[in-house]
Amino acid sequence: MSRLTIIGIGPGSAEYFMPAARTRMREAHTVIAAGRILPMLKEVCGDAETEFRPMGKIRDTLEMIGGLLEEGREVALVVSGDPLMYSLYKTIRNQEISRDWEMEVIPGIGSMQMLGAAFGETMEDAKLLSVHGRSRTAGSVALCVTENPKVFFLCSKEQGPAWLANIMLDYGLDEVEVFAGANLSYEDELLASGSPAEMAQREFPSLCVAMIKNPHPRPVSRPCFLSDRDFERGKTPMTKEEIRVLILHKMQLHPDDIIWDIGAGTGSVSVECARQALFGQVHSVERDADAVRLIEKNREKFSLDNLFIYEGDAARRAAELPAPDKVFIGGSGGKLREILEIIDTFPRTVQVTVSAVTLETISEAGEILGNYDPDYDVIQATVGRGRRIGSYHIMDTNNPVMIFTATIHGTKDRS
């Protein structure tokens, strides 16, 4: 039976090829690899009767492999580094076309391992991240470094060691040490290390790796919830503190989340989100000018540089915001459907929480959210607060609030 062997050849120098990788390439009928490494592979295979083909776009390459396997050919797909570490194996395995393929993986030595070896640093206590071809916020990088003693990074042209160093400076992580390496295993190997201020001035090739050591890692704790009396208040209605706690619980925030608060009112939910997601961003949208001024006052009061405020129509403003991880909709101005359609265009999974008081909004939210997530969660919360009358106490009960939580998968799962 024909088989696809995915082979990692390490950092690039032929001396780091595993013996098993050499054997499988010589045994294969067809070897597929990036055009730049094909000459080296031909030299390694020597006089073996092997066909060599350049790798193209992922979809085209998979179709080519599928055709060769149907012909009964042994195929070797060769990639640099380790195919199990931010490489092609996971991509291929998750494609429908490969469902019935017989696959074997021969791991290689990754560039992160090479960097660790160059500086004598072990990896068992390290966090591994890729910023090569992936969208990671500065906050998510800073959070990871804050919580871990070592973080290794696969870098890209734009997100290189200097970019990482500047993030450390922006988030006050001055005590960390930044390490970087490029062209590892080659004669022109480049290695450097230093403080964030020093490494922010260095230039590296587009394909490189980095490591950041934090001598004082710490878990990022989330602050306690605020009381209503902690906020600057006005005539704008405010989500009561007990309901805010339930909303924040349903949102399940992570410290580096990108969050929308649509129909923010006084900004009480925005403030709580910004305090919970210190390494993330909160984008607060409100159409009432007086309410916007209250949000600004509360942002200043709690010194929240990660809270961004927008005045205007909810749907129009939402179309201008960065892709979110979590969304809270406390008021949509009748544009709930349009806002959710905007969220659905992002190539990622987004969790949406909606609060509703009126029967009309409750009905609309249930219908529309059900189209995206038939298993959406909904709870009803009613809060009563004691009030003294003479020598007695009675309960004043607020209007019941329905809190919906749904997942919108967006274009990610439909591509």
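Here the structure is a predicted model, which is why all the values come from computation and not from measurement.
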Review point. With a 6.0 Å cut-off on ring centres, are F179 and F152 close enough?
Key: no
Check your understanding: Any sub-3.5 Å donor-acceptor pair from N183's side-chain atoms to Y186's backbone N or O?
Key -> no
Practice item. Report the distance from atom CD1 of I7 to atom OG1 of T23, rounding to the nearest 0.5 Å. Key: 9.5 Å
Check your understanding: Going by an N to O cut-off under 4.0 Å, is there a salt bridge joining R348 and D325?
Key -> yes
Exercise for review: Any chance you could lay out the ring-ring contact (aromatic ring centres under 6.0 Å, His included) test for F153 and Y86, step after step, and finish with the verdict?
Suggested key: CA-CA 11 Å; F153 298 90; Y86 293 113; over 10 Å; no
Review point. So do E198 and S195 actually touch side chain to side chain, heavy atoms under 4.5 Å?
Key: yes
Check your understanding: Which pair of non-hydrogen atoms, one from A192 and one from F119, has the smallest distance, and what is that distance?
Key -> O-CZ, 3.6 Å
**Study point:** Ionic contact status for K297 with E300, cut-off 4.0 Å
**Key:** no
Check your understanding: Would you call the rings of W260 and F346 parallel, tilted or perpendicular if under 30° counts as parallel and over 60° as perpendicular?
Key -> perpendicular
Practice item. Determine yes or no for a side-chain-to-main-chain donor-acceptor pair under 3.5 angstrom, with R233 supplying the side chain and T266 the backbone. Key: no
Practice item. Verify whether one side chain among S363 and E360 offers a donor that lies under 3.5 Å from an acceptor in the other. Key: no
Check your understanding: Should the pair E74-R3 be classified as a salt bridge under the 4.0 Å nitrogen-to-oxygen rule?
Key -> yes
Check your understanding: Any side-chain heavy-atom pair from C273 and D261 closer than 4.5 angstrom?
Key -> no
Check your understanding: Any donor and acceptor pair, going by atom type alone, linking the side chain of K150 with main-chain N or O of T122 inside 3.5 Å?
Key -> yes
Review point. How far apart are the closest heavy atoms of G108 and Q113, and which atoms are they?
Key: O-OE1, 3.9 Å
**Study point:** Main-chain N/O of D288 paired to E286 side chain as donor or acceptor, under 3.5 Å
**Key:** yes
Review point. Counting heavy atoms not belonging to K90, are there more than 12 under 6.0 Å from its NZ?
Key: no
**Study point:** Set of side chain to side chain contact (heavy atoms under 4.5 Å, CB included) partners for E63, sequence neighbours left out
**Key:** R59, D60, I97
Review point. Quick one: CE on M402 to CD1 on I379, what's the gap to the nearest 0.5 Å?
Key: 9.0 Å
Review point. Is the CZ atom of R287 crowded by more than 12 outside heavy atoms at less than 6.0 Å?
Key: no
Check your understanding: Do side-chain atoms of S227 reach the backbone of D230 as a donor and acceptor pair under 3.5 angstrom?
Key -> no
Review point. Can L307 and S284 be said to form a side chain to side chain contact (heavy atoms under 4.5 Å, CB included), step by step?
Key: CA-CA 7 Å; L307 172 55; S284 180; 3.8 Å; yes
**Study point:** D228 with K240: basic N within carboxylate O range, under 4.0 Å
**Key:** no
Review point. When you look at CD of E175, are more than 12 heavy atoms from neighbouring residues, nucleotides or ligands closer to it than 6.0 Å?
Key: no
Exercise for review: Just do the side chain to side chain contact (heavy atoms under 4.5 Å, CB included) check on D344 and Y372 with the steps written out, would you?
Suggested key: CA-CA 9 Å; D344 190 40; Y372 293 102; 3.6 Å; yes
Point to revise | salt_bridge(E242, R244) N-O dist < 4.0 Å | key: no
Review point. Does H283 use its side chain to pair, donor to acceptor, with the backbone of L321 at less than 3.5 Å?
Key: no
Exercise for review: Using atom types as modelled and distance alone, determine if a side-chain donor or acceptor of S156 lies under 3.5 Å from a backbone N or O of Q159.
Suggested key: yes
Point to revise | Electrostatic pair R337-E341, nearest N-O below 4.0 angstrom | key: no
Check your understanding: Are any of the side-chain heavy atoms of V151 and C144 separated by less than 4.5 Å?
Key -> yes
Study note, to complete from the structure: In this structure, CD1 of I92 is separated from OG of S98 (nearest 0.5 Å) by 7.5 Å
Practice item. For side chain to side chain contact (heavy atoms under 4.5 Å, CB included), just list the numbers for L169 and D174, CA-CA rounded to whole Å, side-chain angles, deciding distance to a tenth of an Å, and then say yes or no. Key: CA-CA 6 Å; L169 296 173; D174 307 278; 3.9 Å; yes
Exercise for review: Could you pull out the closest heavy-atom pair between V282 and S270, with the gap in Å?
Suggested key: CG1-O, 3.9 Å
Exercise for review: Would you check if the side chain of Q281 reaches a backbone N or O of F308 as a donor-acceptor pair within less than 3.5 Å?
Suggested key: no
Check your understanding: Between E147 (side chain) and V220 (backbone), is there a donor-acceptor pair under 3.5 Å?
Key -> yes
Check your understanding: So, do S111 and L154 sit near enough that their side-chain heavy atoms are less than 4.5 Å apart?
Key -> yes
Check your understanding: Between R202 and F204, does a side chain to side chain contact (heavy atoms under 4.5 Å, CB included) hold up when you go through it step by step?
Key -> CA-CA 7 Å; R202 297 291 299 265; F204 278 82; 3.9 Å; yes
Check your understanding: Ion pair present between R293 and E296, side-chain N to carboxylate O less than 4.0 angstrom?
Key -> no
Review point. Would a 4.5 Å heavy-atom cut-off, applied to side chains only, mark L4 and L77 as touching?
Key: yes
Review point. Out of curiosity, D257 CG to N306 CG, how far, rounded to the nearest 0.5 Å?
Key: 11.5 Å
Review point. Would you say Q95 and L62 make side-chain contact, with heavy atoms under 4.5 Å?
Key: yes
Revision key, fill the gap. Rounding to 0.5 Å, atoms CE (M103) and OG1 (T5) come to a distance of 10.5 Å
Check your understanding: Can you tell if the side chain of E241 reaches within under 4.5 Å of the side chain of F231, non-hydrogen atoms only?
Key -> no
Check your understanding: How close do T50 and R26 get, heavy atom to heavy atom, and via which atoms?
Key -> OG1-O, 3.8 Å
Practice item. State, without any angle test, whether Q351 and T407 hold a side-chain donor-acceptor pair at a distance under 3.5 Å. Key: no
Revision key, fill the gap. Heavy-atom nearest pair, V31 first then M25, reads CG2-O, 3.8 Å
Review point. Backbone N or O of I342 within a donor-acceptor pair of the T345 side chain at under 3.5 Å?
Key: yes
Revision key, fill the gap. Closest non-hydrogen atoms of A165 and P196, given as atom of the first, atom of the second and distance, are CB-O, 3.3 Å
Point to revise | Ionic contact status for E104 with R24, cut-off 4.0 Å | key: yes
Check your understanding: Can you tell if the side chain of L68 reaches within under 4.5 Å of the side chain of R53, non-hydrogen atoms only?
Key -> yes
Practice item. Rounded to the nearest 0.5 Å, what's the gap from CE on M199 to CH2 on W163? Could you check? Key: 14.5 Å
